[in-house]
Amino acid sequence: MQLKKINALVDLELRVGDLMSAVTAAHVAYLARFNGEAMDKTYAAAMVMLVMLTLVLSMGLRVYEQPLGERPVSQYLRIAASWAGSFIALMVMGYLLKVGDVYSRGWVLLTLPLGLVGFALVRLIALVALRRLRKRGEGIARCLLVGATDSGLHMLEQARANPALGMDITAYVKTSYDHGVPEGVPLVGSLLELEDILLRGEWDEVLLALPVSANRAITYAMDRMEQHVVTVKFVPDLLGRQLINHQMEDCGGVPIVTLRSSPLEGHAWLVKNIEDRLLAAGILLMISPIMALLAIGVKLSSPGPVLYRQPRVGLDGKEFEMLKFRSMPVDMEKSGKVAWGGAQNKTTTRFGKFIRQTSLDELPQFLNVLRGDMSIVGPRPERPMFVEQFKGEIDGYMHKHLVKAGITGWAQVNGWRGDTDLTRRIEHDLYYINHWSLAFDLRIIFLTIFKGFVHSEKQTSARTGVVASVAKPSEQVVEEAR
């Protein structure tokens, strides 16, 4: 059986299984709560609404776009988040419509975990079935690699590391563009011999791993495959370039390959904005007493304004004014020299040092989120003079501006904050952009609560520091530790 057919069957099993799990959970909870009575219309309506909300949220979280064999935990967390979100939405609707008292809390509290157990069982059954099929060799495409380029060798590594891809590269064809020799893969000839090689009929797919500039070689290979029934996949040698949210599109019959674009377009943009505004409004309501106390602390610690407004670069490379609680005396940058990092060497007030170490100085940025300047989750924004410096030094640096800057991010929860390695930080930022989802955002927010606030300004990590002039970026580079 072909891999596409197997994936289609797994997708169908997951969708139907999830639907049945939700309905079964509601019915079993009702039977348990009301001693075996048949479900009445009131609860049936709530069950239908619950299922519909779960379907809508699962679409927003792209639950079924995640390959089960590659990311089973990630997919389960997404459907679990959809299910939990549906309950929250249902409870809010019940409160607003003043019908919350009609429903039993016991039914709600029992339906939620039963559904989660059902979703887990559905995925466990699918994973066991996939494993058995792979043992029998079902859904595994025998592949011929044409070109041991960087992308070809990388494809081989990925195919070996991820059996869920369903690719078994059994041979390769050498070309003049090769950068190495695939380990453990037999050589069957050169590109000039491709037609004779294909006559063996041993392969289901041909992976054409050549540079996009190799027009003649690509055309030659395609011509040789014209009279053979074989799936051909082009693996362009673009590993030296940063690909952001790359995809294939059809534009009026013309194939277009998008190499770099923001993942937050269409419904994703809407979901992200709703997430930011709702969470920011809720968080500001909860922390408003804390912010009032912090404002008093800043005012009493030194003369000057409570808030510090600083130009930063955000979405599309445009500047905005980022807000912070002031932690330093006024006019500390009056000399015109601004140092990147080196927080332990900066003059702060006693209260300022405390709010910097605990990240409480960042709380006003939730106002930036409400204004639309920032997101709760995203790459941390940098000052304009340092953006000018770093964009010429760090590959892919400007790509982080494809999304809004964030209060917290994937880099920060993994320890890459402050005076740490900028290259590693950008790698994490680009990973976040390439893998964005609502579930990923919620995961980062959850991790931030436990390890994203308190940090020591004495933490050491080798990195490249920069000292820049406000008027003109400086090229002086110094070694600093934090």
Side-chain angles (χ1 to χ4, degrees), residues 1-7 67 69-70 133-249 254-260 395-396 427 430-431 434:
M1 189 183 297
Q2 295 180 356
L3 180 63
K4 288 183 179 179
K5 292 181 180 179
I6 290 176
N7 287 340
E70 295 178 50
L133 285 171
R134 290 197 191 105
K135 285 184 178 179
R136 290 163 45 187
E138 298 283 355
I140 303 297
R142 298 165 300 168
C143 301
L144 174 65
L145 178 64
V146 178
T149 56
D150 288 340
S151 62
L153 296 172
H154 184 66
M155 186 71 253
L156 176 60
E157 291 176 6
Q158 293 301 309
R160 286 174 172 172
N162 301 292
L165 294 175
M167 300 173 67
D168 182 18
I169 300 177
T170 60
Y172 88 98
V173 174
K174 68 178 181 180
T175 71
S176 59
Y177 301 95
D178 290 3
H179 292 162
V181 178
E183 186 178 348
V185 179
L187 171 67
V188 290
S190 67
L191 184 60
L192 295 174
E193 302 169 295
L194 181 59
E195 190 164 11
D196 293 333
I197 293 170
L198 291 173
L199 288 173
R200 302 184 189 181
E202 298 178 9
W203 300 279
D204 305 306
E205 296 181 0
V206 174
L207 305 177
L208 201 58
L210 295 170
V212 291
S213 59
N215 296 331
R216 294 179 63 183
I218 294 170
T219 302
Y220 179 85
M222 292 298 293
D223 288 344
R224 302 288 82 74
M225 291 183 280
E226 279 294 321
Q227 299 180 22
H228 296 274
V229 182
V230 62
T231 298
V232 182
K233 295 183 178 180
F234 183 44
V235 188
D237 193 17
L238 292 171
L239 290 181
R241 300 290 178 183
Q242 291 283 355
L243 303 183
I244 307 294
N245 193 35
H246 51 288
Q247 56 190 312
M248 187 79 175
E249 301 176 76
V254 179
I256 295 178
V257 181
T258 301
L259 300 180
R260 188 177 300 143
D395 290 340
E427 287 175 3
L430 298 185
Y431 179 89
N434 262 321

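Side-chain contact check for Asp204 versus Thr231: every heavy-atom pair is 4.5 Å or farther apart. By the 4.5 Å heavy-atom criterion applied to side chains, Leu187 and Val181 are not counted as neighbours. Counting heavy atoms from C-beta on, the side chains of Arg160 and Val185 come closer than 4.5 Å. Here the side chains of Leu198 and Val206 are in contact, with some heavy-atom distance below 4.5 Å.
Residue-environment remark: CZ (Arg200) exceeds the threshold of 12 foreign heavy atoms within 6.0 Å.
The backbone N or O of Met155 sits nowhere less than 3.5 Å from a side-chain atom of Gln158 that would complete a donor-acceptor pair.
What you find for Leu156 and Pro182 is that their closest heavy atoms are CD2-CB, 3.6 Å. Considering all non-hydrogen atoms of both residues, Ile197 and Gly189 come closest at CD1-CA, 3.9 Å.
Judged by the 6.0 Å and 45° rule, Arg216 forms no cation-pi pair with Tyr220.
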Mind listing the side-chain donor-acceptor pairs of residues 207-214 below 3.5 Å, one per line with the distance, residues two or more places apart or on another chain?
none

Please report, to 0.1 Å, the donor-acceptor pairs under 3.5 Å made by any side chain of residues 169-178, with sequence neighbours excluded.
| unit_1 | atom_1 | unit_2 | atom_2 | d |
| --- | --- | --- | --- | --- |
| Thr170 | OG1 | Trp203 | NE1 | 2.8 |
| Thr175 | OG1 | Tyr177 | N | 3.2 |
| Thr175 | OG1 | Asp178 | OD1 | 2.8 |
| Asp178 | OD1 | Ala148 | N | 2.9 |
| Asp178 | OD1 | Thr175 | N | 3.3 |
| Asp178 | OD2 | Thr175 | N | 3.2 |

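With sequence neighbours left out, the side-chain hydrogen bond (donor to acceptor under 3.5 Å, both in side chains) criterion links His228 to no other residue.
The pair Glu202-Arg142 fails the salt-bridge criterion, with no side-chain N (NZ, NE, NH1 or NH2) lying under 4.0 Å from an Asp/Glu carboxylate O.
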